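Chain naming here is simple, since letters A, B, ... match the order of the sequence lines and numbering starts at 1 in each. As the structure is a computational prediction, the values presented were derived from the model and not from experiment.
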Number of protein chains: 2
Amino acid sequence: MATIYEVSSLAGVSLATVSRVINNNTRVSDKTRKKVEEAMSELGYRPNSIAQSLASNRTNSVGILVSELHGPFFGQMMAGIESELRAAGKHVIITTGHSEEDREKEGIDFLISRNCDALIVHLEGLTDEYIINLSKGSTPIYFMSKIIPELEENCIYLDNELGGYLAAKALIDKGHTQIAYISGPKFKPDSKDRLIGHKRALSEHNLAFNDELYFEGDFKETGGKAGLKQFLTKKLAFTALVCANDEMASGAMTYAREHGFALPQDLSIIGFDNIIFSRHIYPKLTTIDNPVYDMGHMAAKLVLKNVYQQKNLTINHSFEPALINRDSIAQL
Amino acid sequence: MATIYEVSSLAGVSLATVSRVINNNTRVSDKTRKKVEEAMSELGYRPNSIAQSLASNRTNSVGILVSELHGPFFGQMMAGIESELRAAGKHVIITTGHSEEDREKEGIDFLISRNCDALIVHLEGLTDEYIINLSKGSTPIYFMSKIIPELEENCIYLDNELGGYLAAKALIDKGHTQIAYISGPKFKPDSKDRLIGHKRALSEHNLAFNDELYFEGDFKETGGKAGLKQFLTKKLAFTALVCANDEMASGAMTYAREHGFALPQDLSIIGFDNIIFSRHIYPKLTTIDNPVYDMGHMAAKLVLKNVYQQKNLTINHSFEPALINRDSIAQL
DNA sequence: ATCACATATTGTAAGGTTAACATGGCGACA
DNA sequence: TGTCGCCATGTTAACCTTACAATATGTGAT
């Protein structure tokens, strides 16, 4: 493989001049530029990207940390990030944190030790305190689907409150007044905000929130099952169920059907996230779209703008959820 | 950040000796080693991994090409590969090929230009000829879920014929004799092999394969719908339907239900792949497990063994599918 | 015409690590 | 005591960018 040195000697200029032609960031006279370009093509020269990284302190790689590589939510997220960065010639190094504090720390350390130019992370286990500290390091870090007030400029987040509101409103609009609610883990801000929106919708329509019809789930299938089980065991009256994500909605549906409910006639269920399989389950799940693919795109743009100096990009930090009407809510 | 040069001068040895201690691949006297180690810890020295890559021509990164980042099949595959490589301190650079010839070429070029030490790819668009040529390059390439006779040692593949056989047999064992079949695209070897297995099961049980009950699908939801639609339009008699993957099974189920079929009483359906949502759809889908997570693990091991010289690993090139019994097949 | 100065263009060298090759020292054996 | 051979260690080239240095070219004043 030809090196920059051979090019420079063939063109009769110094290394630096060749480098300047390659990166074209400083003025080079047209005559010199032409000589260098001819030498490059004659030798079939291609820069060694590792040497470029070493000399420039830039690896053109962005580290991604997600909780899991499988699962529809993260798939969409990665796809959004990757397509945007790939188009800019950057590559993504992906690793996982499994929603656990220690493994998230470890994953971030791993990515930093790999000299990523920036990190885009989806954290669920680490404390805000740790995160704020981390962001003082030399590797810029951006946060997906999360808002940390001190680092708002580095966050891309969903208006979860609005999502919670829309879900409740969808049920209310179809005549439901007795609405059960299975939330995500309380310590997660997403869970909290969705619930706040839910309560706002209720109170706007003069409906009371019933603590008996609240269950704290785990954002997994099991949470949906456990929540519905509790409500049924207590023999509470309700016609609709809000689940704070689609996995729990799916779990609740399975449980409901196993206990003789016809869906959606006997029980209306709404989910949250609009993950791909929500349209495959039966009845097709009405849910709240979480535009995670677009958010991935935007996170990538944020990196391109702040880290790779692509100036004319407009950044949207906050995204809006939207109601996706399908078949899992009955008109009362 | 301390450099190897500072370490060497503090320890009173040459750069090379420090490097030897770091990589401990050549004999260094105990006395010298101790001096160097003390100097390293005193300075808090950490090697610059870019410089290591540059000097050693090794990036410790493995390029992965999948068709899509989202989607359950590829999620499992990536998860398998990543977890194994990460444990070995290697990182994965992931990109997509979208099952199209040009984009697969482009993706591979991209990964090679990034100096990956090896590639693990899942190709659907490229011809075997092109692939064989590619494998003559200096970057070793390994193939997931594919078998190329000339490169068998670089392939990790599923026994699709057996899978097709098991699916048909599952239906036959429950008394079905009129079985429709929706295959994947004919040009894909996976599709062909699954169909061959299917036919073997039929003939072993003295059942004829009915060309009228065959439809070439696209491995997507739409293929399942279109296939079932054709069979119904032709008013053919059949009690069971084999779909060559789960997505098509899901599409067929939706279509069947929309046309008044009770499942599985009126129609038994079996899928292939056992993707995650197959247990969420209703009725829970009976399918053939495609151990793609394990295959990802194995591909990673293959790379560790061949490229990173981890010798004591046993490699399995061929994987066996297995029947997963759920609720979508009725006993006749 | 000459000089000083500004500006445009090009050159030099450092920076981090590995690996091939080179050197030096020491013991063994004749 | 000479020499062969081996073990431990040293030297150097390899990659490209960028801050700084140096040189060339042009401009305006005297």
Report, one pair per line, the protein and nucleotides 13-16 of chain C atoms (nitrogen or oxygen only) whose separation is under 3.5 Å.
none

In whole angstrom, give the distance that lies between atom [atom1] of [X] and atom [atom2] of [N].
X: B:R20; N: C:dA19; atom1: CZ; atom2: C1'; answer: 9 Å
X: A:D117; N: D:dT17; atom1: CG; atom2: P; answer: 15 Å
X: A:R27; N: C:dT10; atom1: CZ; atom2: P; answer: 10 Å
X: A:N60; N: D:dC16; atom1: CG; atom2: P; answer: 15 Å

Listed partners of [X] passing side chain to side chain donor-acceptor pair (under 3.5 Å), at least two apart:
X: A:S99; result: A:S67, A:E124
X: A:E101; result: none
X: B:N57; result: none
X: A:S14; result: A:T17

Looking at every strand, decide which applies to A:N57 at a 4.0 Å heavy-atom threshold: base, sugar-phosphate, or nothing.
->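 The answer is nothing, as A:N57 stays clear of every strand by at least 4.0 Å.
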B:V18 near the nucleic acid: base, sugar-phosphate alone, or nothing, with a heavy-atom cut-off under 4.0 Å?
->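 Here B:V18 touches no strand at all.
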Does B:F74 have any ring pair (Phe, Tyr, Trp, His ring centres under 6.0 Å) partners at least two apart in sequence or in another chain, and if so, which?
->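 Expected list: B:H122.
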Check ring pair (Phe, Tyr, Trp, His ring centres under 6.0 Å) between A:Y293 and all other residues, then give those that pass, not counting sequence neighbours.
->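 If we apply the ring pair (Phe, Tyr, Trp, His ring centres under 6.0 Å) test to A:Y293, skipping adjacent residues, the hits are A:H297.
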What salt bridge (Lys or Arg N to Asp or Glu O under 4.0 Å) pairs are there with at least one residue in residues 42-64 of chain A, not counting sequence neighbours?
->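 Non-adjacent pairs meeting salt bridge (Lys or Arg N to Asp or Glu O under 4.0 Å): zero.
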Can you pull the salt bridge (Lys or Arg N to Asp or Glu O under 4.0 Å) pairs that have at least one residue in residues 66-90 of chain B, sequence neighbours excluded?
->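 Matches after skipping sequence neighbours: A:E106-B:R86.
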Please tell me which of the listed nucleotides, D:dT18, C:dT18, C:dT10, lies nearest to the side chain of A:S19?
->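 Minimum distance to the A:S19 side chain belongs to D:dT18.
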What's the closest nucleotide to the A:V13 side chain, out of C:dG11, D:dT17, D:dT9?
->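 Output: C:dG11.
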Rounded to 10°, tell me the angle between the two end axes of the helix from C:dA1-D:dT30 to C:dA30-D:dT1, each built from five pairs.
->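 Computed from the C1' atoms at both ends, the axes differ by 60°.
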May I ask you to list the residues of residues 29-43 of chain B, by number, that have any heavy atom positioned under 4.0 Å from an atom of DNA chain C?
->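 Contacts with DNA chain C under 4.0 Å: none.
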Can you name the salt bridge (charged side-chain N to carboxylate O under 4.0 Å, His left out) partners of B:R114, sequence neighbours left out?
->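 Partners of B:R114 by the salt bridge (charged side-chain N to carboxylate O under 4.0 Å, His left out) criterion come out as none, since no residue qualifies.
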Hey, does the side chain of A:S14 come within less than 4.0 Å of C:dT10's phosphate (OP1/OP2), counting only N and O?
->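 Answer no for this pair, as no side-chain N or O of A:S14 is under 4.0 Å from OP1 or OP2.
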Between A:D117 and A:T59, is a side chain to side chain donor-acceptor pair (under 3.5 Å) present by the stated rule, with each step listed?
-> CA-CA 6 Å; A:D117 297 332; A:T59 57; 3.2 Å; yes
